[in-house]
Amino acid sequence: MLVNMIDLREREYRWSRVMAVLESATKNNEAEHADQVKPGLGIEIDYAERVGISVREAVLWAEKTDGPLTLYLYDHEDDKAGEA
């Protein structure tokens with residue numbers, strides 16, 4: 001279950017291919033001003049990654065995964081290849 005999304009892309013308008021990372025939202029409990037997620041609300045995912053999916057696919061993936069999750073979005077590395 002998606003509870004938070006952090007967009008760390010340098011190319012924020014690239015949506016067709018990104019790297020998506022899921023982490024348990026309980027990891028964010030220590031952040032300043034964070035809403036608190038209670039442990040034990042489903043399966044806790046330490047880390048899961050998918051590369052080359054769209055932003056929409058990333059959100060759907062996070063939504064159908066059990067437990068409270070934070071979705072991190074990163075640039076797809078192939079899109080950065082060849083830049084000087």
Can I get a per-line list of side-chain donor-acceptor pairs under 3.5 Å for residues 45-53, giving both atom names and the distance, sequence neighbours left out?
{"unit_1": "Asp46", "atom_1": "OD1", "unit_2": "Lys27", "atom_2": "NZ", "d": "3.0"}
{"unit_1": "Tyr47", "atom_1": "OH", "unit_2": "Glu49", "atom_2": "OE1", "d": "2.4"}

- Query: For Asp35, does the CG atom sit with more than 12 other heavy atoms under 6.0 Å from it, leaving out its own atoms?
  - Reply: no

- Item | Heavy atoms of other groups near Glu30 CD, more than 12 under 6.0 Å | no

Could you measure the distance from the [atom1] atom of [X] to the [atom2] atom of [Y]? Nearest 0.5 Å is fine.
{"X": "Asp75", "Y": "Arg14", "atom1": "CG", "atom2": "CZ", "answer": "8.5 Å"}
{"X": "Ser54", "Y": "Leu60", "atom1": "OG", "atom2": "CG", "answer": "7.5 Å"}
{"X": "Leu69", "Y": "Met1", "atom1": "CG", "atom2": "CE", "answer": "7.5 Å"}
{"X": "Trp15", "Y": "Glu57", "atom1": "CH2", "atom2": "CD", "answer": "9.5 Å"}

- Message: Restricting to side chain to side chain contact (heavy atoms under 4.5 Å, CB included), what partner residues turn up for Leu2, sequence neighbours left out?
- Response: Val59, Ala62, Glu63, Leu71

- Message: Within the structure provided, determine whether Val55 and Arg9 are in side-chain contact (heavy-atom separation under 4.5 Å).
- Response: yes

- Message: Let me check something: do Tyr72 and Leu22 share a hydrophobic cluster, defined by ILVMFWY side-chain heavy atoms less than 4.5 Å apart, either directly or through other members?
- Response: no

- Message: Taking Ala34's backbone N and O only, do any of them form a donor-acceptor pair with Gln36's side chain (distance below 3.5 Å, no angle check)?
- Response: yes

- Query: For Thr70, does its backbone N or O pair with a side-chain atom of Asn4 as donor and acceptor, under 3.5 Å?
  - Reply: no

